[in-house]
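These notes are about the structure you will find just below.
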Amino acid sequence: MKKRILAYGRLNDDQLAQLGQDFEVQAFPDLSSADDPAFRAALPEAHGLIGASLAITPELLDAAPKLEAIATISLGYDNYPVEALTRRGILLCNTPDVLTETTADTGFLLIMAAARRAVELADLVKRGDWQAGIGPEHFGSDVHGKTLGLIGFGRIGAAVARRGALGFGMRILYSNASPKPELDAELGAERRELDELLEASDFVCVTVPLTAETEHLIGEREFALMKPSAIFVNIARGKVVNEAALIEALEMGRIRAAGLDVFEQEPLSPESPLPHMANVVALPHIGSATHETRTAMAQRAVDNLILALRGEGPLNLVNDAAWRPA
Ligand code: NAP
């Protein structure tokens, strides 16, 4: 009997057909909650799950005793119970690499938009309030030639740094768990302690994963260390930053502006002051959200799941300890 896959992510017809060659596929294209009755009813016979943004809880795993692999259509897996999955021998696969450049584009979009006040000034035009020449009260800050500090210097951090160094002549500082001599050589990047980076950077961009160590890595103390002219950008995960401290730093003018793709609670509550602040550019977690990249991510997840369920070893395994070759 063919193994059964529940597909709740956005897969195109070719990708569904590819899965269908070897497996029974049940698609839930509009699934919004793991409590959906049809999805719950299908779980006991599921060998594989593929999708994104569904809360996978140990309780859900109890309802899926045959589950062998989950292919998340995302890079971040901080919302998965990795230990519980590993204990049960369930493989978890993610989609690194294919979204690096697009997410770095989003980082640079936020750097540019916050520095040049693009959203605020575009709104002014939209409202019909462009009555005279723009004066110093609407001037922005230069990006080229400034110092860009990356907190986290992995794939995405390095891709943001390349844009800054090679495209905008920026000096690159980074704080990262390990040194990156090859990037030091390529980009003239300089590794610094976090505090030193915060004090010296004109732009501070967060690209570390959310882990127990990085939760609230940036808070009141860290914002106080930044220059009053600093522009803060977060394209990693909202919980890496203490959002209340960020709001206070912006309100008190301790930093100049922020560009944010991610938030402590998503979707962002309409009650949050952040999207109402003129010096904040807030995006709805669109780091990798282009047609090309989302298609590539879904394809990577499909390939991972096929390999995992065939017992051949997926390309991108998060929990190596769960891997048991056939
Ligand atoms: P990556 O290649 O694994 O890079 C992460 C970097 O962070 C690594 O260089 C790592 O150091 C460093 N690091 C980890 N923990 C650290 C700590 N406690 N202190 C200092 N440095 C630490 O990952 P990536 O592909 O660049 O992605 C980074 C994150 O971006 C993802 O985890 C995800 O949460 C987020 N993301 C967001 C979006 C979005 O839509 N906004 C899209 C994609 C990804 P080592 O090199 O020494 O291991």
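Counting starts at 1 for both ligands and their atoms, in listed order.
With a heavy-atom cut-off of 4.0 Å, Thr207 touches ligand 1 through its backbone alone.
Distances below 4.0 Å separate heavy atoms of His285 from the following atoms of ligand 1: 39 (C), 40 (O), 41 (N). Contact atoms of ligand 1 toward Asp261: 39 (C), 40 (O), 41 (N) (distance under 4.0 Å to a heavy atom of the residue). For ligand 1, the atoms sitting less than 4.0 Å from at least one non-hydrogen atom of Pro209 are 5 (C), 7 (O), 14 (C), 32 (O), numbered in the order shown with element in parentheses. Counting the atoms of ligand 1 from 1 in the order shown, those under 4.0 Å from a heavy atom of Ser178 are 45 (P), 46 (O), 47 (O). In the vicinity of Arg237, heavy-atom distances shorter than 4.0 Å reach the ligand 1 atoms 33 (C), 34 (O), 35 (C), 36 (N), 37 (C). Set against the non-hydrogen atoms of Phe153, the atoms of ligand 1 under 4.0 Å away are 9 (O).
Among the atoms of Gly154, some N or O lies under 3.5 angstrom from an N or O of ligand 1. Remark: ligand 1 and Val262 share no N or O pair separated by less than 3.5 Å (distance only, no angle test).
Residue contacts with ligand 1 include Thr214, since one or more of its heavy atoms lies under 4.0 Å from the ligand. Distances from ligand 1 to the non-hydrogen atoms of Ala236 include at least one value under 4.0 Å.
Residue Asn176 holds the heavy atom nearest to atom 9 (O) of ligand 1 of all those in Asn176, Ile156, Thr102, Leu210. Counting heavy atoms only, Leu75 comes closest to atom 27 (O) of ligand 1 of the residues Asp78, Leu75, Thr100. The heavy atom nearest to atom 42 (C) of ligand 1, considering only Val240, Thr103, Leu110, is found in Thr103.
Closest to atom 18 (N) of ligand 1 among all protein heavy atoms lies Glu213 OE1, 3.0 Å.
Follow the hydrophobic side-chain contacts under 4.5 Å out from Ile306 and you reach Ile5 in the same cluster. A single hydrophobic cluster is seen to contain both Leu110 and Phe203, as judged by linkage of ILVMFWY side chains at heavy-atom distances under 4.5 Å, directly or through other members.
Using the six-membered ring where Trp is involved, Tyr174 and Phe153 have ring planes that are parallel, under 30° apart on the 30 and 60° scheme.
The shortest distance between side-chain heavy atoms of Asp22 and Lys2 does not fall below 4.5 Å. Inter-residue side-chain proximity for Arg237 and Glu215 is flagged as unmet; no heavy-atom pair is nearer than 4.5 Å.
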